[in-house]
Structures are given as structure tokens and as C-alpha cells.
Amino acid sequence: APTPVTVMGNDRIQARAETNVGDALNELPSFRALTTPNTQQATGGNIGARVLDLRGLGATRTLVLVDGKRFVPSTTQGTIDVNLIPSLLVRRAEIVTGGASAAYGSDAVAGVVNFILDKELEGFKGTVQAGITDRGDGGERSIQAAWGTSFGGGRGHFQVAGEYTKSDGLGDCYTRDWCPNEQLIGNSPAGFDGNPASIRNGPAGTGTLSSGGLIVANSGPLRGLAFNPDGSTYDYDYGTIYGTNPSPLFTLGGSEAGRNGFLDGILLAPPVERLIGYAHADYELSDSIKAGLDLSYGRIKGMVIGSVARSTLNIQRDNAYLPGDVAATMDANGISSFTLGRAFTDLGGAVDRSKNETFRGVFSLEGDLSDTWQWDAYYEFGRNSFRQDYSGNVVASRVARAADAVMVGGNVVCRVNADGNPATNDPGCVPINVFGSGNITPEGAAYIAPSGYQTTKLTEHAVAANINGSLFSLPGGDFAIATGAEFRSNKATGSADALSSQNAFWSFNGQALEGRINVVEGYVEANAPLLADVPLARTLELNGALRQTHYSRSSPTADSSTVDATTWKVGLVYAPADLIRFRVT
């Protein structure tokens with residue numbers, strides 16, 4: 001073919017001892033693994049997903065098929081989590097990266113990955129494996145099993161498969177001695193003291209916050225005062241400051257060098273649990289027609305820990321928790337307020353747990369019209385249900401209200417409830433003491449770091465039919481043609497808590513959504529072998545394809561719209577001799 005096809009067989013998966021076909025594919029140079037369980041870290045969402053991305057052009061531009069048929073998306077971007085494909089039954093994966101949009105689908109901009117499953121299994125096969133890192137973490141257990149048999153005198157075949165994998169995940173960066181302590185330390189203005197604008201150095205400290213709170217001031221008596229857990233103060237060591245900015249985000253060395261809220265708690269690899277089941281049956285209705293049914297179920301559970309929340313707070317002189325020595329300094333120097341930089345390492349990052357379930361069913365028919373013409377058709381229904389729940393997730397606006405605490409009638413209350421303006425009252429506000437790590441009460445933590453959630457349901461209906469055969473003969477062989485049409489409908493609905501909908505959380509904000517995309521496609525592809533086995537032309541073939549696609553988009557919150565796309569390709573294969581072949585697309 002004018003477009004080379006890369007094939008990865010099951011033997012490679014077994015040789016690499018991979019429990020997931022996505023991991024094996026992501027080792028190929030044509031893939032850029034931007035979304036894997038190890039890269040998700042603090043992003044939340046579909047935790048543990050293995051999404052394929054050809055050429056780094058974006059996963060939404062890589063079309064994933066199973067036996068040439070659509071697979072239900074597992075994200076609102078329309079991408080496929082290949083966790084849900086039974087690795088044990090993958091006979092091979094075919095990867096095409098050139099001209100795939102015209103031949104396979106207009107969404108195959110970067111290319112297509114077509115998983116071909118083994119549907120002729122006779123008997124039983126299975127694998128069991130386990131592993132652990134030399135640090136005593138990262139444990140993983142996996143079991144895979146499949147069984148198949150023929151029936152009806154060989155006219156039918158049935159098989160089932162199941163896979164279960166559980167990974168314990170890894171700790172944060174600081175559980176490894178190779179954890180980088182460097183940061184990009186700013187040097188402003190650029191070129192100052194002969195240094196560039198950014199310097200990669202470490203161990204890096206922070207110049208605008210600390211785990212117990214740091215008063216941020218460019219000068220004056222409060223500059224550099226930081227708070228111990230008991231509320232007392234000490235002179236913060238900034239380390240080496242590059243440039244003329246006295247309060248840069250990062251410094252070299254200092255009091256909190258080598259460990260800070262930017263990396264603390266974020267897992268190197270999240271714990272993930274994967275369970276999938278698959279069943280297939282086919283039967284020859286006649287000598288020329290075969291019917292097939294595929295049913296699959298997958299469930300992925302995962303957990304990640306978000307980055308530690310960091311806040312810049314305005315502290316007034318009358319703050320109820322303000323240490324006396326700091327208050328005295330403010331009084332002596334006529335200071336009414338200051339800025340406090342605080343990393344909430346004592347609360348830790350938010351814990352996000354996700355569950356993603358997918359069901360898919362495919363009914364297919366295929367047959368022969370003659371010795372040279374074949375046809376096939378299928379209907380696919382898929383449903384994906386996703387839910388993420390996060391706890392301990394800081395809300396910045398609540399931190400600001402709770403930290404602004406005042407004394408009223410012998411009780412510490414939030415200022416918003418004592419300012420005489422009922423319009424700003426927050427009855428649930430619980431005052432917090434931000435001076436020193438570990439001084440926030442459980443009630444205060446529950447107020448500033450509540451729980452949230454997001455749910456999403458995706459459904460897909462797809463109907464497709466294809467026919468292919470030979471029209472006439474050319475000097476190099478038969479002129480072959482394939483044509484077909486497809487309709488599919490994708491619908492997404494989702495809900496989220498009120499705080500997430502307002503993007504109020506520090507991380508993991510879910511969003512409510514609702515929309516539908518209907519797609520109608522038709523294509524034609526032809527291959528013309530012009531010459532074969534003649535002098536200076538062992539092979540000369542011309543190939544072309546044309547696809548027309550119509551998208552219809554609708555949503556209760558936006559105007560309906562349509563998009564038409566025409567994709568085409570032309571290719572040529574020329575082999576003057578057995579030793580050399582030229583291909584152009």
C-alpha cells in the first residue's frame with residue numbers, strides 16, 4: 001500500500017510482559033505518550049487512563065478502532081481509554097499514519113490504530129504476574145484468562161475473556177533520592193549580574209511563602225518574619241536571591257530548600273485498579289453470511305493527590321490569632337496590615353478518586369456477494385459512566401474569609417459575620433489560625449477544604465456498512481474499490497457540585513455539561529495496479545480515497561451548528577526492482 005502499516009503483534013506484548021496493550025504501543029516511536037497513569041499526577045479526571053497519541057498531534061486526532069469498528073469514547077474529548085480492550089486477545093495492532101482520514105474516518109487526522117482481536121481461540125490460555133520495585137512500593141498484580149470453543153459443527157464460535165490488574169502506585173517525588181530539588185529561579189531584570197532570566201539551580205527555596213506562613217514585604221520591620229508551629233516567629237532565610245526583586249517566587253537554598261508545596265504529596269504513579277470482561281460469538285447463517293456479537297465491560301478505578309494549596313492572604317492588625325510580638329511591631333511602626341504567603345502542607349493535597357465504567361455491544365454481519373465482492377455491516381452501542389469525588393480540596397475564597405478572623409464578645413468569628421453587613425454573611429464560616437503549621441482545627445479544615453464531585457455519562461450509537469471488490473482488470477492486476485457509509489451519534493451529559501461549577505476549588509474542578517454530535521460519513525477508496533512484473537516496474541500502483549463528513553452539533557447552552565469536511569488522499573507505489581520500493585502519499 002502507498003501508506004505503510006506498522007504492525008505490533010501479541011508476541012511483543014508477551015515479550016515485554018506488559019499487562020496493557022497501551023503500554024506496549026506507547027513504546028513505539030510513532031506514539032507520544034502524553035496521557036498515561038504516570039503523567040496524570042495532580043490533574044484528576046479519568047485517572048489511570050491510557051490514551052494513544054500518534055505523532056504528538058493530540059489524542060483527539062488519533063482514531064482507535066477494534067476490528068475496524070468504533071469504540072465508545074471514555075472522555076468528553078472523544079478519546080478512547082485502551083485499558084478497556086482485552087490485551088490477551090489482541091492478535092495485532094495496525095497503525096496507519098498517512099492518509100488515514102480519507103480511508104478510516106475524518107477524525108483520524110494523526111492516524112488510526114486498529115486492534116485486531118483473536119476470534120478463533122480454541123481452548124484456554126492465561127497469564128498471572130506480579131512485581132514490585134526495589135523500594136518496596138509500586139506493587140502490581142495481574143491475572144488474564146481467555147477460553148474459546150467451536151459449536152454447531154464448526155459453523156459457530158464462542159469465547160470469553162477477563163482481565164484484572166491492580167497497581168499500588170508510588171509515593172511522591174521525595175520518596176526517591178533522585179527527586180529534583182532544582183527549580184527555574186528567576187533573575188530579574190534579565191542579564192543582571194551576568195545571569196540569564198531563568199536559572200536552573202537548587203536546592204531551591206521559596207521567597208513568597210512557607211509551610212507555616214511567611215510575611216511578604218520588600219522592606220520594613222516585618223520583612224522575612226516566618227511562623228513556627230507554636231506561633232512564634234523566626235527570621236526566614238531566603239538563601240541566595242538572583243536579580244533585584246527582593247521577594248522572588250524561588251530562591252537558591254534557604255529555610256525551606258529542597259522540599260516545598262509545589263511537589264509535596266503529588267504521586268509519581270497513582271494506584272489504579274482495572275477490571276474488564278469480554279465475550280464474542282459468531283455463527284455462519286449460510287455459506288455466504290456470518291453474524292457476530294461482541295459484548296465488553298470495563299471498569300477503571302484510580303486515585304491521585306493534588307498539589308498542596310498555596311494562598312496569599314491579607315492579614316489585618318486586629319486578627320484574632322495574630323501573635324503578640326508581631327502586633328507590637330505593627331503598632332510601633334504604624335502598620336495596619338501585611339501580606340502572608342502560606343503553603344498548606346499541613347492539610348496535604350486534595351484526594352481525588354475516580355471510577356470509569358464502559359459497556360459496549362456490537363452486532364455485525366458480513367458476507368460474500370461473489371468470488372470478488374464482499375460486504376460487511378455493524379451496529380454498535382456504547383455507554384460510559386464516569387464519576388470523580390474529591391475531598392480535602394481547598395477553596396481559596398473560603399480560606400480568605402476564614403483567615404480574616406476577629407474577636408467579638410470573647411469569641412473568635414469570621415469578619416464577614418461581624419461587619420454589620422448581612423449581605424456578606426457566611427453562616428458556615430469557621431475561623432482558622434494560619435500562623436504556624438498544624439494550627440487549623442478539623443472544623444476549620446472541613447470549611448476551607450470541602451468535598452466535590454463530577455459525573456459524566458457518554459453514549460454512542462454507530463451504524464456502518466461497507467462493500468469492496470474488483471471492477472475490472474488492469475495490466476498490473478484487478479482494479480479494486482471499496483465504499484461505505486457510517487452514521488454515529490455521541491451524547492454527553494454531566495453534573496457537578498456548585499463549587500466546582502464556579503471553579504472555586506484549588507484543583508479538580510468538575511463541570512456540568514450537555515451536548516450531542518451526530519456524524520454522517522461516506523467514502524470511496526480505489527487501488528489501480530497499473531503495471532506488474534515488467535522491466536523497470538515490478539510494481540506500479542495508484543491509490544486514492546475520498547471521504548465526505550457532515551457534523552451536526554447541539555447543546556441546550558449553545559446554538560446548534562454544522563460542519564462539513566472533505567478529506568482525500570492520493571498515493572503511488574513504484575518498485576523498479578525487488579531491492580527498492582518508492583512510496584508517496
Side-chain angles (χ1 to χ4, degrees), residues 1-18 21-33 52-57 61-68 90-105 108-118 120 371-374 466-484 523-547 567-585:
T3 302
V5 179
T6 301
V7 177
M8 187 197 71
N10 183 266
D11 54 344
R12 176 180 174 86
I13 302 176
Q14 297 299 320
R16 298 291 296 120
E18 301 285 7
V21 66
D23 291 338
L25 281 173
N26 278 328
E27 293 180 346
L28 300 181
S30 54
F31 290 91
R32 186 181 181 190
L52 301 177
D53 184 358
L54 278 166
R55 309 298 187 196
L57 295 177
R61 297 179 177 90
T62 298
L63 176 61
V64 176
L65 303 174
V66 177
D67 292 320
V90 173
R91 176 177 291 176
R92 67 185 185 275
E94 300 176 345
I95 302 103
V96 179
T97 58
S101 289
Y104 290 91
V109 177
V112 62
V113 181
N114 187 19
F115 291 97
I116 307 300
L117 302 185
D118 180 7
E120 300 176 354
D371 292 340
T372 58
W373 284 88
Q374 298 84 37
N466 305 279
I467 185 172
N468 66 86
S470 301
L471 288 178
F472 50 83
S473 296
L474 291 173
D478 291 336
F479 180 86
I481 188 172
T483 186
Y523 80 96
V524 60
E525 184 176 13
N527 186 63
L530 303 178
L531 296 173
D533 299 324
V534 298
L536 298 180
R538 294 286 292 173
T539 301
L540 179 62
E541 293 181 352
L542 182 66
N543 180 282
L546 176 69
R547 178 178 291 265
T567 51
W568 58 271
K569 75 163 182 176
V570 174
L572 182 70
V573 177
Y574 173 54
D578 290 336
L579 293 177
I580 189 169
R581 178 182 297 259
F582 298 96
R583 289 188 284 211
V584 61
T585 302

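For this chain, numbers begin at 1 and follow the sequence in order. What's counted below: heavy atoms across the whole structure, side chains too, no hydrogens, waters or symmetry copies.
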Look only at the side chain of [X] and the backbone of [Y], and say whether a donor-acceptor pair between them is shorter than 3.5 Å.
X	Y	result
Arg61	Leu57	yes
Thr483	Tyr523	yes
Asp118	Glu120	yes
Thr62	Leu54	yes
Trp373	Ile467	no
Asn10	Val90	yes
Thr539	Ala575	no
Asn26	Phe31	no

Identify the heavy atoms of [X] and [Y] that sit nearest to each other, and give their distance.
X	Y	value
Ala100	Gly111	CB-CA, 4.0 Å
Gly571	Leu542	O-CD1, 3.4 Å
Ala108	Leu63	CB-CB, 3.7 Å

So does [X] have more than 12 non-hydrogen atoms from other groups sitting under 6.0 Å from [atom1]?
X	atom1	result
Trp568	CH2	no
Arg32	CZ	no
Glu27	CD	yes

>> Within the 3.5 Å criterion, strictly below it, is a donor on Tyr104 or Asn114 matched to an acceptor on the partner's side chain?
In response: no

Approximate separation, where rounding is to 0.5 Å, of [X] [atom1] and [Y] [atom2]:
X	Y	atom1	atom2	result
Thr567	Leu546	OG1	CG	7.0 Å
Leu474	Leu471	CG	CG	10.0 Å
Leu579	Arg538	CG	CZ	10.5 Å

>> side-chain contact (heavy atoms from CB on, under 4.5 Å) for Glu94 and Val113? Distances and angles first, verdict last.
In response: CA-CA 6 Å; Glu94 300 176 345; Val113 181; over 6 Å; no

>> Salt bridge or not between Arg547 and Glu525? Use side-chain N to carboxylate O under 4.0 Å.
In response: no

>> Applying side-chain contact (heavy atoms from CB on, under 4.5 Å) to Leu65 and Val112, what does each step give before you reach the verdict?
In response: CA-CA 7 Å; Leu65 303 174; Val112 62; 3.9 Å; yes

>> Could you walk me through whether Glu541 and Leu530 satisfy the side-chain contact (heavy atoms from CB on, under 4.5 Å) test, starting with their C-alpha distance in whole Å, then the side-chain angles of each, then the deciding distance to 0.1 Å, before giving a yes or no?
In response: CA-CA 5 Å; Glu541 293 181 352; Leu530 303 178; over 6 Å; no

>> Please determine whether side-chain contact (heavy atoms from CB on, under 4.5 Å) holds for the pair Thr6 and Val96, giving the CA-CA distance in whole Å, both sets of side-chain angles, and the decisive distance to 0.1 Å.
In response: CA-CA 7 Å; Thr6 301; Val96 179; over 6 Å; no

